[in-house]
Colleague: 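The following block contains the structure, expressed as structure tokens.
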Amino acid sequence: MAASVLIADDDPNIVLSLEFLMKRAGYQVRVARDGHALMEAVADAVPDLILLDVMMPRRNGYDLCNELRNDPRCGDTRIIMLTAKGQEVERVKGLALGADAYITKPFSTREVVQQVQQILAGRAG
Amino acid sequence: MARARQARSAASALWRLFAGLAGGIALVFAAALTTAPANEDHHRIAIAAGAVLALVAFAALVAHRAFAAPLDRLARDLAMAARDDPHRPVSGAARRWLDGAGRVTSAAADVQARLSHAESSVATQLAAATARLDEQNRRLEGILLDLSEGVVVCGLDHQVLLYNQLAANLVDEPHALGLGRPIFGVLSREPILHHLDRLLHQSGQAGVQPTAPGTVRFICASAGSGLPRRARMGLLNRADGTPSGYVLTLADADVDMDETARRDRMVRTAIEHQRGMLGSLRAAAETLVGAVDLAPAERQSFENVILEESVRLSEQNAALTQALDQMGARFWAMAEIHTGDLIAFLRRRLDVGRPIEVVPAGMPDWLFVDSLALTDLLEHLARALAHERSVETLTIAVARRDRVVDLDLIWSGAPIRAAELDEWLDQPFERSKGTLDGRAVLERHGSDCWSLSGRTGEGLIRIPLPPAAQPPSPDRRDRPPRPEFYDFDLLGIPAPEALRGRPLRSLSYVVFDIETTGLNLSGGDVPVSIGAVRVVNGRVLPMENFERLVNPGRTIPPDSIRFHGITDAMVEGKPPLPLVLPQFERFVGDSVLVAHNAAFDMLALTRGAAGCGLSFDHPIVDTLLISAWLDPEEADHSLEGLAARLGLQVAVRHHALNDAMLAAAILVRQFDQLESRGVERFGQLVAETDMTARLRANQMQF
């Protein structure tokens with residue numbers, strides 16, 4: 001069964017590319033455009049991996065990541081933070097708050113797909 | 001004329017008078033003689049003449065002694081006093097005769113006294129004024145020396161009146177820069193003359209050009225090399241407003257550029273580069289979108305352009321970010337501060353109002369931060385914790401991680417949710433009157449903060465901060481390593497029942513280090529210092545330390561001094577071991593004792609204890625043995641070697657505690673490593689290290 005990936009980002013342009021990429025890589029893809037939608041989607045069905053943008057309106061990605069990590073249902077869910085915030089300290093913060101990986105924009109699309117594949121494979125193994 | 005008159009003394013005046021009188025009397029008697037008829041009358045006249053003359057002479061003599069001579073003497077004395085020495089007393093002989101002369105001499109003495117008083121009063125005032133001027137000059141010199149710019153003050157004749165060291169550093173030939181020497185020996189002539197003219201002209205027309213700046217900036221050249229120097233010139237005016245000279249401020253044209261100027265330039269350059277890439281990108285994109293009839297090969301080439309330029313833009317963005325990151329830390333308000341001092345500042349703040357107790361933990365370190373802003377942030381967070389979570393005790397732990405120093409605020413309770421923490425960070429500080437908030441302070445330091453659960457379930461807020469370039473650690477001599485030494489009488493003690501099952505971190509430890517007069521503990525070498533620090537809950541508590549110099553009652557051999565730096569002078573007057581050991585015993589309480597190569601320190605301790613009726617039968621942990629167990633392949637298990645491998649540096653300021661603190665930091669690290677190898681309980685640790693000790697002792701025999 002194909003792994004499910006949930007893309008949480010409010011920028012339609014990046015969602016366009018990410019959705020396409022993930023579908024082509026063979027994953028089941030859902031999209032959430034803000035924090036509220038994200039939580040609803042998770043409540044609906046727990047995804048295997050979440051591509052989480054840090055700078056979303058109303059609730060920031062760190063807070064969402066924290067909450068997801070505290071949710072026992074998401075114990076197996078991998079979280080990759082995607083963000084325009086490029087400083088080293090932001091990366092450390094993301095990882096400290098429970099992200100499994102932290103990718104800064106702009107990124108190489110090939111690398112993102114690789115990261116997703118590696119992380120999901122690690123989970124299965 | 002006056003001088004000639006003064007030279008004529010009273011005495012000579014008197015004798016002239018007498019001469020005149022005598023002459024007159026002689027004439028009268030001579031006339032009487034010639035007109036007298038008989039010889040007998042001649043006799044009588046001659047005798048009368050003689051008697052009168054004698055009388056007159058006597059009178060003259062008396063007058064001389066009573067008036068003339070004293071007057072002369074007085075006149076002479078006064079003249080000499082006026083000329084040479086106002087304090088020279090008037091001769092007393094003058095006073096002995098008539099009262100009138102006495103009054104004159106006492107009046108003369110009065111005048112003398114006033115004269116000398118006036119002179120000395122003038123002298124005192126002069127001295128005071130000179131001292132004030134000296135003081136002012138010294139202060140000005142001090143200010144001049146302290147300036148961060150080179151300053152040279154010249155008179156209108158271009159002679160150097162004052163300068164500071166920085167100015168000397170900025171000129172090619174510092175020896176040519178000197179007081180009283182022309183400035184043109186060190187700086188180029190034309191710019192200085194030109195701008196001085198400008199300023200003088202401006203000041204001459206002060207009424208006409210009120211908005212003209214008082215200083216001018218220009219570039220001048222160093223006289224020798226011709227290297228450019230940024231200069232600023234201002235006029236030096238007298239009290240009445242007329243110029244008496246000029247002040248030159250010098251700066252190195254390159255190094256002096258503002259941080260902001262440099263950043264401006266960097267950003268501007270980056271934007272220009274970006275324009276190029278964006279140009280290509282946009283053109284290709286518009287072409288693709290607009291043109292529907294492109295051949296596949298053509299379409300491909302435009303698509304390649306889009307790809308290429310996007311990648312280049314990404315790379316440029318990354319480079320710019322990195323460059324900005326590196327510049328970010330060099331703000332003018334940043335300075336080095338020791339975490340101990342920072343925590344002390346925070347403590348003072350938190351003592352006011354609803355008091356919050358602050359407990360420092362971890363290895364003290366040096367930060368490069370804006371200490372006021374940071375204290376504001378810490379206070380703000382502490383008060384938020386107190387207000388929202390009823391926190392009364394806050395532990396502040398310091399730990400270095402890679403190129404960053406983590407400051408952890410720790411309390412017992414749940415961590416703070418990111419959203420709430422963000423709210424706290426967006427609130428402006430009271431002290432800053434609304435201009436500063438936590439977010440701004442964090443950004444200024446290239447930092448952020450987040451809240452997590454700590455290892456033992458407490459809440460913590462972590463703030464990574466930039467470290468200072470390491471200051472030289474005090475007295476870290478390159479020492480020869482102490483030889484490893486094992487004594488199974490001391491080490492072979494099994495762990496007491498009560499402690500066996502306890503998790504390592506939960507115990508209370510005292511990590512100590514003893515310096516001695518030498519290595520021969522059974523041959524008379526004794527302790528000269530004891531340093532110790534407490535480790536509780538897996539954290540070093542640097543404020544709970546014990547540090548004593550001990551008088552060994554014998555001289556410390558030079559070899560030993562070279563090893564630990566403790567001299568005879570340092571231990572003079574210090575208490576002897578029998579006084580210090582009981583204090584140490586009280587400090588230790590029932591904690592577990594820890595040392596690096598513990599057998600040596602324990603032997604020193606127990607021998608000393610035996611001498612004063614104490615016993616130290618605490619359980620013992622040896623960080624060297626733990627290291628040997630964790631890393632059997634490694635050859636160097638010395639304190640320094642371990643510290644270097646673990647990336648630990650000590651920033652304590654008293655070297656007696658140095659080794660104890662280092663060993664304590666090592667112990668705390670070892671807890672992690674032991675846990676990951678399955679050694680979590682005290683009993684396990686003792687078993688493993690005991691075996692290791694036996695192995696090593698055996699090895700050493702070969």
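Keep in mind that the numbers below use all heavy atoms, side chains included, and drop hydrogens, waters and symmetry copies. Convention: sequence-line order gives letters A, B, ...; per-chain numbering from 1.
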Colleague: So how far is it from S451(B) OG to N66(A) CG, rounded to the nearest 0.5 Å?
Modeller: 7.5 Å

Colleague: Quick one: OH on Y62(A) to CG on D448(B), what's the gap to the nearest 0.5 Å?
Modeller: 6.0 Å

Colleague: Using modelled atom types only, decide if a donor and an acceptor are shared between the side chain of D63(A) and the backbone of A419(B) within a distance under 3.5 Å.
Modeller: yes

Colleague: Is it true that, when you exclude R282(B) itself, more than 12 heavy atoms of the residues, nucleotides or ligands shown sit nearer than 6.0 Å to its CZ?
Modeller: no

Colleague: At a 4.5 Å cut-off on heavy atoms, which part of R401(B) comes close to chain A: side chain, backbone, both, or neither?
Modeller: side chain

Colleague: Chain A heavy atoms under 4.5 Å from S310(B): which part of the residue, side chain, backbone, both or neither?
Modeller: neither

Colleague: Once you round to the nearest 0.5 Å, how far does OG of S447(B) lie from CD of E88(A)?
Modeller: 12.0 Å

Colleague: As an exercise, state the distance from NZ of K105(A) to OG of S314(B), rounded to the nearest 0.5 Å.
Modeller: 12.5 Å

Colleague: Report the option among N60(A), L64(A), V92(A), T104(A) that has the most heavy-atom pairs separated by less than 4.5 Å from atoms of chain B.
Modeller: V92(A)

Colleague: Could you tell me which non-hydrogen atom of W450(B) sits nearest to which non-hydrogen atom of V89(A), and how far apart they are?
Modeller: CZ3-O, 3.9 Å

Colleague: Starting at CZ of R69(A), measure out to CG of L452(B) and round the result to the nearest 0.5 Å.
Modeller: 12.5 Å

